[in-house]
Participant: 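So that we are looking at the same thing, I have put the structure below in structure tokens.
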Amino acid sequence: MADFTITQALLGRLAARNNFLMPDDALVFFGIRGALPLDISGTPFAAGHVMRLTDIDHVRMRCTLGQMRGDESGLAVFPGSTVPSMANIIAARARRGVGANMLMLGRYSFVRGVHKIGRPGGHRAFRQAVFFPVWRTSDDLDYDLSDAPDLDGDLVWDNLHCAYHDNLDTPGFSSAGCQVVCGHPKSPARQNRPETGPWKRFIDTAYGGNQNRFTYMLFGGAEAAMVAGKPASEVRQSVRFGSSGALVEAVQTALIAKGYELGAVDGDFGRDTIEALMAFQTREFGTGKADGIVGPNTAAALGVTLPTLADAVVDTLPSEDPRPSIAIIETPPPLPAPPHDIAVEQKAKDWTAKIDGGQGFYVGTSVKWASFQGIYQPSAKLPNLPGGHYDPSDWETALGAQGPWAWFLAPTIIAESGGLFGRVNTYDGAGLTFGALQFASHTPDDNLILLFRRLMALPDAERWFPDLRLVNGQIHRRTASGTASLEKVGANGRLTDFMAYLNPDATSVSPTEVESAARLMGWSIESDDVKEAQVALGIKRFAQRVNRLGSGYGVNLATQPVHRLIWVADILHHGRGRYATIRDAIQSSDPDAALAKIGGSDVRWKDRVKTVATEIGKVKAKLAGERWGSGAFA
């Protein structure tokens, strides 16, 4: 096929063909999988750029990422990759596809943030801001329709960042599924030298204004060339993930009529719609035939008429995309070899651990409380506790559009753990609690089990908990005959099997519970993904709890100052008060004082409540301009 020229007009036609909305006065990102610009230097904005089709390549960068402004200044194009590298695919295949993925074609969103936060290679980049549907391969080293679509989780931890590689002719670009641009970052690993290659122009342009959120449209090279080479009257429209409008409504209505549940007919092609569509395609056309795109064959099977591109109604969004972002976690780099051993050792009452015989680190000190005995980390040991410290200023940057949440979480994090990601205790009835928010192991569908579901989806999960698996979204342990769920709820309403897995004896300190704690701490030391998972879960659960106060107890949250709602989230997370009590406090003459009194006179919680009050005072100014139900708190 002949070369083609990418222009603003062609990009508009591609968006219209796929029923993608575009901001009308903002910088837009786009990707073309399987096409490279002839000028691979990272171009300035121009009316058009000549593109050449290429084969999809997981060894060398053979894709294009681009930027288009909402004015008439044209486009800029940059060589890079929209597919994972072969090294990551090989490593992931051994883990049944976990650890590498390929993003489906569609419309997505990124926000400014840091890739590899806290690591030497960390740099300013763009972080995943919506759910991404992806492909995973475990049978071979490429991606096709016989591979498994991953539509289950909120996140796949994919960002848009530099490739850590600046040569298109040699292997070595870094991606486990992220979208990457050729070049090197400004990072501590490079002594903060300026960015290089096409990435420098890409990042300077995107960070040069006040825009925080960026629409990203990913197309195939063959599709772009086809639309460029045919008149609009010969090109049929289609819908896929990220599409919106009347044609999506027609597809949703047809799927519901054929018995597929996808919620309301809302004209928004999101996760529910792609799940229903791929189930329909599999039933209609057979296994390995579902691509998640409504083209001519699928439309005919649904009884939906696809209009031509000539009939498309081009619509735009304002520059601020109103759809809320979700918590974000980045894709980790290739993994080192798994550890062969985690050894724990007791000296007097202190327990330490070594990973693969390396440098030992402190885990905890034996302590008794009531009828329980376990490990605890006293204040004297905290200054050197490994795992990292929560700094809301850093997390405000890392969270991008959700930045204000960094301050909202801070009082509870300080009260729970002193801001330490490696905080662990096993000495009370919760079995084991872990992390900056002290997620406990005993609660079904809450707290630590939810964190473990996220952690077990990380590519290095088997490195730290080799006997655990995610099966149908729940935590299972490997057995001689298969796997057994750890999420069965006991007669006491607790996750007894999960608690026993982490801490088999609540009346003494066993090497097993110390090893469980050491694994979590070691993982947190090595991988910032563990920290990000804790923060992401905190945001999700705090939002759910506060929203329930509005939906179930009649409190108008939008009229409450956001700092006051920290009290609500903290009380419910800690468990020292119920919704009705909180509602009554908010409706009193002095809501802040009434909320502080909930549990404040209990000798067990008095100091904690004082800490929360002090920390709310510190973050109050940071949240003064925020309102629940809008912006970061939408």
Side-chain angles (χ1 to χ4, degrees), residues 327 390 392 402 404-417 419 423 428-430 433-451 453-454 489 493-495 533-588 590-602 604-616 619-620 623 626-629 632-634:
Y390 181 87
Q402 289 192 311
W405 271 104
W407 303 101
F408 190 97
L409 294 178
T412 300
I413 287 177
I414 298 302
E416 286 282 358
S417 67
R423 200 75 185 266
D428 62 21
T433 61
F434 168 68
L437 281 163
Q438 286 291 277
F439 294 117
S441 66
H442 67 290
T443 50
D445 288 313
D446 205 353
N447 294 307
L448 191 61
I449 197 69
L450 295 184
L451 181 64
R453 291 178 190 173
R454 289 172 178 255
V489 182
R494 296 181 166 219
L495 291 176
Q534 294 179 49
V535 173
L537 180 58
I539 292 172
K540 182 175 182 179
R541 295 299 288 131
F542 279 27
Q544 289 172 336
R545 288 171 177 143
V546 173
N547 283 330
R548 188 181 172 198
L549 184 66
S551 62
Y553 292 84
V555 176
N556 186 346
L557 301 175
T559 64
Q560 303 297 320
V562 169
H563 78 267
R564 182 176 296 158
L565 299 179
I566 297 176
W567 278 115
V568 176
D570 182 78
I571 292 166
L572 295 169
H573 180 72
H574 188 221
R576 65 181 183 275
R578 297 184 179 275
Y579 279 98
T581 305
I582 295 170
R583 176 199 58 202
D584 294 342
I586 285 181
Q587 293 175 349
S588 70
D590 190 349
D592 291 336
L595 289 166
K597 287 181 179 179
I598 298 176
S601 60
D602 191 309
R604 296 170 297 172
W605 306 329
K606 189 175 181 179
D607 288 342
R608 178 208 171 89
V609 172
K610 286 183 179 179
T611 297
V612 173
T614 299
E615 296 302 319
I616 288 177
V619 305
K620 186 176 180 179
L623 299 170
E626 302 294 332
R627 285 293 177 268
W628 198 268
F633 299 100

Participant: Can you name the side-chain contact (heavy atoms from CB on, under 4.5 Å) partners of Ala415, sequence neighbours left out?
Facilitator: Arg608, Thr611, Val612

Participant: Answer yes or no: is there a donor N or O on one side and an acceptor on the other, between the side chain of Arg541 and the main chain of Leu450, under 3.5 Å?
Facilitator: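 Absent.
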
Participant: Going from CD1 on Ile616 to CG on Leu565, what distance comes out if it is rounded to the nearest 0.5 angstrom?
Facilitator: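 The CG atom of Leu565 is 10.0 Å from CD1 of Ile616, to the nearest 0.5 Å.
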
Participant: So, do Asp570 and Arg576 sit near enough that their side-chain heavy atoms are less than 4.5 Å apart?
Facilitator: yes

Participant: By side chain to side chain donor-acceptor pair (under 3.5 Å), which residues pair with Thr443, not counting sequence neighbours?
Facilitator: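 For Thr443 the side chain to side chain donor-acceptor pair (under 3.5 Å) partners, ignoring immediate neighbours, are Asn447.
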
Participant: Less than 4.5 Å apart, side chain to side chain, heavy atoms only: is that true for Leu448 and Leu495?
Facilitator: no

Participant: If a pair satisfies salt bridge (charged side-chain N to carboxylate O under 4.0 Å, His left out) and one of its residues is in residues 553-563, list it, with sequence neighbours excluded.
Facilitator: none

Participant: Restricting to ring-ring contact (aromatic ring centres under 6.0 Å, His included), what partner residues turn up for Phe542, sequence neighbours left out?
Facilitator: His573

Participant: Scan for salt bridge (charged side-chain N to carboxylate O under 4.0 Å, His left out) pairs involving residues 545-560, sequence neighbours excluded, and state none if there are none.
Facilitator: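 Every salt bridge (charged side-chain N to carboxylate O under 4.0 Å, His left out) pair that includes a residue of residues 545-560, provided the two are not neighbours, is Asp446-Arg545.
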
Participant: Report the distance from atom CZ of Arg454 to atom NZ of Lys540, rounding to the nearest 0.5 Å.
Facilitator: 5.5 Å

Participant: Tell me the closest heavy-atom pair linking Pro392 and Ala406, and the distance in Å.
Facilitator: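 Looking at all heavy atoms of both residues, the closest pair is O-CB, 3.4 Å.
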
Participant: Closest heavy-atom contact between Gly577 and Leu572?
Facilitator: O-CD2, 3.9 Å

Participant: Gln438: which residues meet the side chain to side chain donor-acceptor pair (under 3.5 Å) condition with it, sequence neighbours left out?
Facilitator: Asn425, Thr433

Participant: Test of understanding: with side chain to side chain donor-acceptor pair (under 3.5 Å), list the residues that count as partners of Arg453, not counting sequence neighbours.
Facilitator: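 In terms of side chain to side chain donor-acceptor pair (under 3.5 Å), with neighbours along the sequence ignored, Arg453 is linked to Asp445, Glu487.
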
Participant: Test of understanding: with side chain to side chain donor-acceptor pair (under 3.5 Å), list the residues that count as partners of Arg583, not counting sequence neighbours.
Facilitator: none

Participant: Give me the one residue out of Arg564, Lys597, Lys620 that meets salt bridge (charged side-chain N to carboxylate O under 4.0 Å, His left out) with Asp592.
Facilitator: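 Going through the options one by one, the only one that passes is Arg564.
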
Participant: Report yes or no: does Gln534 contribute a side-chain atom to a donor-acceptor pair with the main-chain N or O of Ala436 at less than 3.5 Å?
Facilitator: yes

Participant: Please test Thr581 against Ile571 for side chain to side chain contact (heavy atoms under 4.5 Å, CB included), starting from the C-alpha separation and ending with a verdict.
Facilitator: CA-CA 10 Å; Thr581 305; Ile571 292 166; over 6 Å; no

Participant: For Trp405, which residues count as a ring-ring contact (aromatic ring centres under 6.0 Å, His included) partner, sequence neighbours excluded?
Facilitator: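 ring-ring contact (aromatic ring centres under 6.0 Å, His included) list for Trp405, sorted by chain: Phe408, Trp628, Phe633.
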
Participant: Run the salt bridge (charged side-chain N to carboxylate O under 4.0 Å, His left out) test against Asp584 and tell me which residues pass, sequence neighbours left out.
Facilitator: none

Participant: Output the distance between atom CG (Leu549) and atom CD1 (Ile582), rounded to the nearest 0.5 Å.
Facilitator: 6.5 Å

Participant: Only pairs at least two apart or in different chains count here, so list each ring pair (Phe, Tyr, Trp, His ring centres under 6.0 Å) that has a residue in residues 543-572.
Facilitator: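 Non-adjacent pairs meeting ring pair (Phe, Tyr, Trp, His ring centres under 6.0 Å): Tyr553-Tyr579.
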
Participant: Once rounded to the nearest 0.5 Å, what's the spacing between atom OG of Ser551 and atom CG of Leu557?
Facilitator: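 Between Ser551 OG and Leu557 CG, I get 8.5 Å after rounding to 0.5 Å.
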
Participant: With the side chain counted from C-beta on, respond yes when Leu623 and Pro404 share a heavy-atom pair under 4.5 Å apart, and no when they do not.
Facilitator: yes

Participant: Check Leu409, Ile414, Leu437 against Tyr390 for a side chain to side chain contact (heavy atoms under 4.5 Å, CB included) and give me the one that passes.
Facilitator: Leu409

Participant: Could I get the full list of salt bridge (charged side-chain N to carboxylate O under 4.0 Å, His left out) partners for Glu626, not counting sequence neighbours?
Facilitator: none

Participant: Minimum heavy-atom separation for Val609 to Gly600, with atom names?
Facilitator: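 Nearest heavy atoms, Val609 then Gly600: CG2-CA, 4.0 Å.
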
Participant: Might you point out which heavy atoms bring Arg494 and Ala430 nearest each other, and give the distance in Å?
Facilitator: NH1-N, 4.2 Å

Participant: Find the distance between CG (Leu451) and CZ (Phe434) and round it off to the nearest 0.5 Å.
Facilitator: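 It is 7.0 Å, given to the nearest 0.5 Å.
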
